[in-house]
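A short worksheet on the structure shown next.
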2 protein chains.
Amino acid sequence: MKKRRVKLEDIARKLNISIATVSRALDKNPRVKLATREKVLKMAQAMGYMPNQIAKSLSSGKTNIIGVIIPRYDEPFFIEACRGIDHYARSHNYKILISSSRNSFDFERENLISFERGLVDGIILCPSHDTETFAHIRSIIDKEIPVVLFDNIREMVKGADHVLINDDKASFSAVEFFIKNGRKNIAFIGGIKEKKVFQDRYKGYLEALKKHNIPIDKEMIFHCNSIDREFEDDEISGFLKKLSKKPDAVFTCTDNYGLLAMKTLIKMGYKIPEDIAIIGFGDLGLGDVFVPSLSCVAQPSFEMGKKAAELLIDQLNKSEEETLPKKVIKLKTHLVHRDSTRFKKVNFHI
Amino acid sequence: MKKRRVKLEDIARKLNISIATVSRALDKNPRVKLATREKVLKMAQAMGYMPNQIAKSLSSGKTNIIGVIIPRYDEPFFIEACRGIDHYARSHNYKILISSSRNSFDFERENLISFERGLVDGIILCPSHDTETFAHIRSIIDKEIPVVLFDNIREMVKGADHVLINDDKASFSAVEFFIKNGRKNIAFIGGIKEKKVFQDRYKGYLEALKKHNIPIDKEMIFHCNSIDREFEDDEISGFLKKLSKKPDAVFTCTDNYGLLAMKTLIKMGYKIPEDIAIIGFGDLGLGDVFVPSLSCVAQPSFEMGKKAAELLIDQLNKSEEETLPKKVIKLKTHLVHRDSTRFKKVNFHI
DNA sequence: TAAAATAATACAAACGTTTGTATTATTATA
DNA sequence: TATAATAATACAAACGTTTGTATTATTTTA
C-alpha cells in the first residue's frame, strides 16, 4: 500500500485537461488562461503535488547541484569554504553535494568520476595533498563540465577558474610584522615541501628576512612532514626542543602547527608573547577561545568559497556559444592579532 | 559545438544492436552472450561512456542520495556526525546532500520540503534549536520517505528512527566524578532551558548532587541563554564573577561554555585543576591542543552519524511490504580526562 | 456571418535509462 | 530434418517532466 506520488498526469486527469497545460499552468506560463491556471494551482495544492526533481532534471539537462570536493571534512578552513559556497549557491538556486577526497589522489579521482555521471552541473575542487597530476581534472573540463579550483593549487589547470590567496605575501607580512617589532630570531615551521602553498609561505618568510637583512639560520627552519595529525605534535616539539639558540618569534604555516608549538613552548617555560611571539596561518576560528590565544594570518575562507561558487555559477549561466575567459582570483589575507602577538595592538591588512 | 554525452543509443548504433542489450551487457546480465558483453564493454570504454545518473534514477525510482539537515555547519559535533553518516553511506553506495537549517525552524521546513521533491531517498535530520512542532517531519513520514532523527530531540516522532545519547546519565557521571574526587561546590552552566538535552543534562547534575547528599545551591546554577556565540562569553564570565562563594568544580553543558569558563577563571586567578576542575560537554576534538586542555563528556558524534545512516539505509532496503519497527538508539558517552580534571588519571565509560 | 486572427489547449516527442514481453537465432531432441 | 527447447536479442513501455507543433475554441474583422 505504498502511496504513489501525485504527478502532473493525476492533476490533468482530475481536471480533464492535458499534462502540458498543467505543466505550463504551474509554471505560470501566459499561454494558459488565468482561470485554468488557478484551477490547476488549487488542485495541485489540494492533492499535495510536489514536482519530481529528477524528472525535471532529465528533461532540462540541469540538476542545479554543484559538486564540491574537499580534502577533508574536519578542517575549519574547508567547512568555512563550504559555507561560503553554500551561501552563494543557495541564493542562486543551487544545492551542493560535498565529498571528501581524504587527501588521497585516488579518492579525488573517484569522486570526480562519480560527478561525471551527470548528477552535478559543475564542480568546485580543492586538490588533495597528494594530487600531483591533473589529467583527471582536464578530462572533466574536456567534457565541458565547468570546474573551479580553490586553495592548494600546485599548478594552474587550463580551462578552469582558480581562487587563491597570496601565500607569499601573507607570510611575508607576518614575518615582517615580527621584525618591525624587534624580533630577530624568527623560527619557521612549514608543511610538506611539495605543496605549493607551503613553498610560497616559505618564500615569503625568506623574502622578509632578506629585505630586512636578517641572516637566514637553517637551524631555525623546519618543515613538518606528517600528513597524519598524530605525529605533528612530536615533530614540532622535537624541533623546538633541540634548538641551540632561543627564538623570539615563530611563524607556522598552519594554525594547528602554531597551537602545537605554543603548547610545547609554554611547557618549555617560554612566556608568550614576551619571550616568544607566534603567528599561525589559517584561523581556526577557535584560536580565540583559548589561553593564550593564537594570532594568525586569516584566510578569507568563507569568501573564497563564495567566490568559487560565483565563478562556477557564472560559467553555468553563460549561453551555449559564448566562452567565458577563465579567471584567476587572488583574495587578500589579513593578520589577526591575539595574545600571542599582543605586545602591540594592531590589526592591519596586507 | 557542445559535445554531446555518449549514451547507450550511441553504443547500440555503433555495434548494430539494441539499446536493451547494451544496457544489459553493461550490467553484466547473463541474458547477453559473453562475446556481446565484451564487445559492448570495449566499445563503451573506447567511446568514453558514462552512465547518466539522472536517467537511472528516474527509471529506478532511487537516487541513492541521503538528505542530511543539521542546525549549523560550524560545530565540530555536526561535522563529525556528517562524517559518520558519509562513512557508512558511501560504503553502501549512497551519497549525502547536506543542508543547514541555521537553527531556524523555517529553514528546516524549507529544506525538508525541498527534499520532498524526490531528490533524496531518505532523510537524516537533527532538529534545530527552535523546532517545537513536528508536523513538517510527520508530513514527510506520511509520504513514506524514511526519516532518522538524531541529537537534540525534544520529542519522539512516530514513524521515525531516533539516535540519541543518554544526556542525564552523562552529566550525572561527570558530576559524580567531581564528587568522588572531593569536590563539593560544583557550579553548573547549562544552555537554554527549553531544549530537552539541556534539561536532561541539568537533571543529571541535580541527581548526582542528590544522590551524594550535596545541597543544591541555586547561586551555583546558570543557564546560558544566547544562541548567538558573541554574547556567551559575557554571560558566562558575568555569572562566574558575581559568585559569592568559590566553586571548586564546574560542569558546563557544552565544550564551548567550558572553554569560555576556563578562560574567565584563569583570568580570575584560579589554578586549574587544583582550585577548580572543569568538565565540558561535546568534545570539540581540539580541546586537546590548548593549554590547559579541557576535559569533557565526549559524545560519540561520528558513531551517532554512522548509526543514523545505518538505520536509514536499513529502512531504504526493506522490501515494499515489510514495515520495520521504528527504533530508538541511545549511544554511550564517555569522560575524556585532560588537564582540567587531571588530578587523577582515569578514563572510564559511563 | 463567414473568414481571419488569435487565444487556449492537446498531442507527441524528447531527456537516457530499465525491464517485461515478443521475436528471432541457435542448439538439442526425436 | 522437422520440432521442441532454449539462448540471444529486439521491441516497446515506463519513469515524470518540458516544449515545439498541431489542433480546436474563441474573438475580431470585414
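Chain A is the first sequence line, chain B the second, and so forth, proteins listed ahead of strands; every chain is numbered from 1.
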query: What class does the angle between the rings of A/Phe78 and A/Phe150 fall in, given that below 30° is parallel, 30 to 60° is tilted and above 60° is perpendicular?
result: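 Perpendicular, since the angle between the ring planes exceeds 60°.
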- request: Work out how much the helix from C/dT1-D/dA30 to C/dA30-D/dT1 bends between its end axes, five pairs an end, to the nearest 10 degrees.
  value: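 Here the local axes at opposite ends form an angle of 60°.
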query: Phosphate oxygens OP1/OP2 of C/dT17: is one of them under 4.0 Å from a side-chain N or O of B/Ser23?
result: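 Result: no.
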Please identify each residue that fulfils side-chain hydrogen bond (donor to acceptor under 3.5 Å, both in side chains) with [X], with sequence neighbours left out.
X: A/Asn152; value: none
X: B/Asn64; value: none
X: A/Lys62; value: A/Tyr94

query: Which residue pairs satisfy the salt bridge (charged side-chain N to carboxylate O under 4.0 Å, His left out) criterion with at least one member in residues 89-118 of chain B, sequence neighbours excluded?
result: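 Residue pairs passing salt bridge (charged side-chain N to carboxylate O under 4.0 Å, His left out), neighbours aside: B/Asp86-B/Arg90, B/Asp106-B/Arg109, B/Glu116-B/Lys143.
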field: Value in whole Å for how far the P atom of C/dT18 lies from NZ of B/Lys28
entry: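 For the pair B/Lys28 NZ and C/dT18 P, the rounded distance is 13 Å.
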Rounded interatomic separation in angstrom, taking CG from A/Leu119 and C1' from C/dT17: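 Interatomic distance, CG of A/Leu119 to C1' of C/dT17: 15 Å.
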Which atom pairs, donor and acceptor, lie under 3.5 Å between side-chain atoms of residues 29-39 of chain B and protein residues at least two apart or in another chain?
from    : atom 1 : to      : atom 2 : distance (Å)
B/Asn29 : OD1    : B/Arg31 : N      : 2.7
B/Arg37 : NH2    : B/Lys28 : O      : 3.4

task: Take nucleotides 8-16 of chain C nucleotide by nucleotide from the 5' end and write B, S or -, depending on whether a protein heavy atom sits under 4.0 Å from the base, only from the sugar-phosphate, or from neither.
output: SBBB---BB
- prompt: Residues in ring pair (Phe, Tyr, Trp, His ring centres under 6.0 Å) with A/Tyr88, at least two apart?
  reply: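 Ring pair (Phe, Tyr, Trp, His ring centres under 6.0 Å) list for A/Tyr88, sorted by chain: A/His92.
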- request: For A/Phe302, enumerate each residue passing the ring pair (Phe, Tyr, Trp, His ring centres under 6.0 Å) test, keeping only those at least two apart in sequence or located in another chain.
  value: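 Ring pair (Phe, Tyr, Trp, His ring centres under 6.0 Å) list for A/Phe302, sorted by chain: A/His87.
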